[in-house]
Structure formats: C-alpha cells, structure tokens
Participant: 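Provided herewith is a single structure, encoded as structure tokens, for subsequent inquiry.
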There are 2 protein chains.
Amino acid sequence: MSVLTERGVRWTVQRYLILSYLYDHRTHPTAEEVYQGIRKAFSTISRATVYNTLELLKEYGLVQELLIEKERARYDFDVSPHMHFKCEKCGMVYDLEISLPPLPSEAEGHLVKGFQLYAVGICRKCRGEGEGAGTSGG
Amino acid sequence: MSVLTERGVRWTVQRYLILSYLYDHRTHPTAEEVYQGIRKAFSTISRATVYNTLELLKEYGLVQELLIEKERARYDFDVSPHMHFKCEKCGMVYDLEISLPPLPSEAEGHLVKGFQLYAVGICRKCRGEGEGAGTSGG
DNA sequence: ATAGTTGCAAAGGCTTTGCACCGCG
DNA sequence: CGCGGTGCAAAGCCTTTGCAACTAT
C-alpha cells in the first residue's frame with residue numbers, strides 16, 4: 001500500500017483488516033458491518049477506527065463510498081467505474097455490469113472528478129419470490 | 001395535486017408551502033433549509049412536518065431526493081431524469097444538462113424503477129477563483 | 001523524541017417517532 | 001364522529017471528535 005506509506009500514513013493491522021474485509025465481502029457492507037465482522041477475530045478494534053479508516057481509504061482511492069441509501073453509507077472494494085443497484089424490498093445492493101456511457105472530465109465548465117450511478121427497483125430474487133401463486137398484485 | 005387527494009391524502013397549506021419552496025428554490029435545498037425558508041413567512045411550521053412532507057412528496061413522485069452527500073439529503077422539484085454535480089470546494093449542487101444514455105427498465109434480471117447519476121468535482125466558479133495568480137497546482 | 005494511530009466515551013447532527021390537539025370530510 | 005395532519009419534544013441512529021496511551025520511525 002505504497003500509496004499510503006509514501007505520504008507518511010502508516011499501514012497498520014487495523015487498516016489491513018478493514019481493507020481485507022472489503023476484499024472478502026463484496027456485498028457493499030456498512031461501517032457497522034465491517035466493525036462487527038472484524039470484531040469476531042480482532043475484538044479490540046473500535047468503531048472510531050473503522051469509521052476513520054474507511055474515510056482514509058476512501059480519500060486515498062482504495063475503496064469507494066456508496067451513498068445509495070439515506071440511512072447509512074456503504075463501502076465497496078471495487079473502485080472501478082460501475083453501477084450499483086439497490087432492491088427496495090430486500091435492501092440488498094448489487095453491482096451492475098452495464099457498460100457505462102463515456103463520462104466527461106468536464107461538463108458545463110465544471111471539472112468532473114468522479115461519478116456515481118445508482119439504480120433502485122426490485123431485484124431478480126425478490127421478483128421471483130412474489131410471483132407464481134398470487135394473481136392480483138397488492 | 002390529484003395524485004394525493006385521490007388516495008385520501010389531504011392537500012394542506014404546509015404541503016403547498018413546501019412544494020412551492022422547492023419550486024421557487026432550484027438550489028437543491030436540504031430539509032433544514034426548506035424549514036428555515038418557510039418559517040420566515042409561516043412561523044408555526046415544524047421540522048417534523050417538513051421531514052414528513054418531503055418524504056410523502058417523494059413517495060408520490062412530486063419531488064426527487066438527492067443523496068449526493070453523506071451529511072444530509074437534498075430535494076429537487078425537478079423529477080425529470082437529469083444528472084447532479086456537487087462541488088467539493090463550495091458544496092453547491094448543480095444540475096447537469098448532459099444528455100443521458102437510454103436507461104434500461106431491466107438489468108441483469110432486476111426490475112429498475114429509477115436512476116440517480118451524481119458527479120463530484122470543482123465547479124466552474126471555484127475553478128475560476130483559484131487561478132490567475134498561482135502557477136503550480138497544489 | 002516525534003509524528004501518527006488506536007480505542008473509549010461523549011458529543012454532534014440529521015431524521016424519525018409518540019402523542020395530544022385540531023380540522024376537514 | 002373519524003381519519004388524517006400538525007407541532008412539540010424526545011428518542012434514535014449514524015458518524016465525528018477529544019483525549020490519553022501507545023508505537024513505529
């Protein structure tokens with residue numbers, strides 16, 4: 001993680017565990033989920049460290065912060081440009097592999113540094129569950 | 001606002017004022033800004049009513065909720081599909097008139113109901129202010 | 001020694017909720 | 001009369017912050 005150490009930022013066990021957790025869990029976990037997940041093996045870690053580290057990793061471009069729901073932020077190890085989809089029924093957040101349009105680095109005079117593309121709806125799984133038996137929708 | 005009254009939802013002065021405020025202020029105000037703005041002329045309105053009403057108007061498709069920053073939600077009278085841009089320097093949120101690609105109503109088996117496209121960077125105004133004198137960027 | 005990091009607890013900010021009162025239908 | 005809506009205050013939840021102890025350079 002030279003991107004950190006080159007700038008006087010230390011690579012600690014906590015930071016490694018947090019980045020590893022996101023690497024292993026591609027379900028776009030929340031800060032709390034990261035905290036609870038790491039705590040199982042590393043019980044002394046604190047919420048503050050998780051929050052601070054996620055913020056730091058985001059600033060250094062190592063993770064992506066998703067603002068797809070109002071209640072809380074989610075985090076994604078995959079920083080490549082891709083779309084996210086949230087199911088309004090089960091709450092799960094999926095990656096969408098839709099090919100993205102060319103995104104301009106400048107628009108109407110503004111310098112554009114990054115994009116986020118979010119979609120909402122009903123996921124494949126929830127669509128399947130609601131059908132089959134009933135005939136008239138609620 | 002038959003879309004409301006048809007379903008037993010009443011059209012009240014408070015709701016009118018809140019929708020009007022968004023109609024008049026296309027700066028993507030926060031709930032607090034809406035509250036403070038309306039309070040000047042209608043001092044008895046409460047925050048709870050503003051929050052509840054914004055939620056209701058959103059659910060009925062009369063306004064759009066923007067999750068472009070983690071700290072708070074913003075609201076937009078314009079519900080047509082368009083992109084938003086946030087300046088990370090001054091914090092202002094602009095509309096972008098970029099023509100959007102055709103957005104699928106289905107993607108990878110998921111039923112897609114709506115999209116949000118956000119961009120961040122430095123706005124035209126802030127870019128202009130920082131230049132002119134200095135030569136090397138920070 | 002110094003600058004950076006952690007963990008705890010407390011604070012902070014945005015948003016939601018419970019409840020009594022009010023008003024239209 | 002009843003359902004819906006308002007306003008107040010309190011609660012709730014997510015996130016940030018202050019600070020003392022600690023560690024790698």
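Throughout, protein chains are lettered first and strands after them, A, B, ... in sequence-line order, and every chain is numbered starting at 1.
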Participant: Measure from CD on Glu59(B) to P on dG5(D) and round the result to the nearest Å.
Facilitator: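 After rounding, the gap between these two atoms is 13 Å.
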Participant: Please report the distance, rounded to the nearest Å, between CG in Leu67(B) and P in dC14(D).
Facilitator: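 After rounding, the reported distance stands at 16 Å.
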Participant: Whole angstroms only, please: what is the CG-C1' distance between Leu56(A) and dT6(C)?
Facilitator: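 Roughly 13 Å, once rounded to whole Å.
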Participant: I'd like to check Val9(A) versus Val3(A) (side-chain heavy atoms, cut-off strictly below 4.5 Å). Are they in contact?
Facilitator: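 Sidechains of Val3(A) and Val9(A): no contact.
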Participant: Test side chain to side chain contact (heavy atoms under 4.5 Å, CB included) on Phe115(A) and Tyr118(B) and set out the steps.
Facilitator: CA-CA 6 Å; Phe115(A) 281 90; Tyr118(B) 301 124; over 6 Å; no
Participant: Just the rounded figure in Å: distance from C1' of dG7(D) to CD of Gln14(B).
Facilitator: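 It is 9 Å, rounded to the nearest whole Å.
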Participant: Salt bridge or not between Glu106(B) and Arg124(A)? Use side-chain N to carboxylate O under 4.0 Å.
Facilitator: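 No, this pair does not count.
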Participant: With a 4.0 Å cut-off on N to O distance, would you call Lys89(A) and Glu129(A) a salt bridge?
Facilitator: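 Result for this pair is no, no salt bridge flagged.
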Participant: Check Arg72(A) with Glu32(A), please: is the shortest side-chain N to carboxylate O separation under 4.0 Å?
Facilitator: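 No, no charged N to carboxylate O under 4.0 Å.
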Participant: Does Gln116(A) form a side chain to side chain donor-acceptor pair (under 3.5 Å) with Gln64(A)? I'd like the steps, not just the answer.
Facilitator: CA-CA 10 Å; Gln116(A) 289 288 338; Gln64(A) 192 174 179; 2.9 Å; yes
Participant: Tell me whether Arg74(A) is salt-bridged to Glu65(A), with the criterion being a basic N under 4.0 Å from an acidic carboxylate O.
Facilitator: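 Answer for the salt bridge query: no.
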Participant: Which protein N or O atoms sit under 3.5 Å from an N or O of nucleotides 13-15 of chain C?
Facilitator:
{"from": "dT15(C)", "atom 1": "OP1", "to": "Ala73(B)", "atom 2": "N", "distance (Å)": "3.0"}
{"from": "dT15(C)", "atom 1": "OP2", "to": "Tyr51(B)", "atom 2": "OH", "distance (Å)": "2.8"}

Participant: Verify the contact: side-chain N or O of Thr12(B) to OP1 or OP2 of dG5(D), cut-off strictly under 4.0 Å; return yes or no.
Facilitator: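 Indeed not, no polar side-chain atom of Thr12(B) lies that close.
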Participant: For Glu55(B) and dT6(D), what is the distance between atoms CD and P respectively, to the nearest whole Å?
Facilitator: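 Result: 14 Å.
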Participant: Quick check for you: among dG5(D), dC8(C), dC8(D), whose closest atom lies nearest to any side-chain atom of Ser46(B)?
Facilitator: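 My answer, after comparing the listed nucleotides, is dC8(D).
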Participant: Just the rounded figure in Å: distance from P of dC19(C) to CG of Asn52(B).
Facilitator: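 Taking CG of Asn52(B) and P of dC19(C), I get 16 Å after rounding.
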Participant: Could you tell me the separation between the OG1 atom of Thr53(A) and the OH atom of Tyr75(A), rounded to the nearest 0.5 Å?
Facilitator: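 So the gap between those two atoms works out to 11.0 Å.
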Participant: Is the closest side-chain heavy-atom distance between Leu66(B) and Lys86(B) below 4.5 Å?
Facilitator: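 No - every pair of side-chain heavy atoms lies 4.5 Å or more apart.
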Participant: How many Å lie between CH2 on Trp11(A) and C1' on dT25(D), as a whole number?
Facilitator: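 Rounding to the nearest Å, CH2 of Trp11(A) and C1' of dT25(D) are 18 Å apart.
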Participant: Counting the atoms with a prime plus P, OP1 and OP2 as sugar-phosphate, which does Tyr35(A) contact under 4.0 Å by heavy atoms, base, sugar-phosphate, or nothing?
Facilitator: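 No contact.
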Participant: Using a cutoff of under 3.5 Å, can you pull out all pairs of nitrogen or oxygen atoms linking the protein to nucleotides 21-24 of chain D, with atom names and distances?
Facilitator:
{"from": "dT23(D)", "atom 1": "O2", "to": "Arg10(A)", "atom 2": "NH1", "distance (Å)": "3.4"}
{"from": "dA24(D)", "atom 1": "N3", "to": "Arg10(A)", "atom 2": "NH2", "distance (Å)": "3.4"}

Participant: In whole angstrom, what separates Arg15(A)'s CZ from dG7(C)'s P?
Facilitator: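 About 11 Å, once rounded to whole Å.
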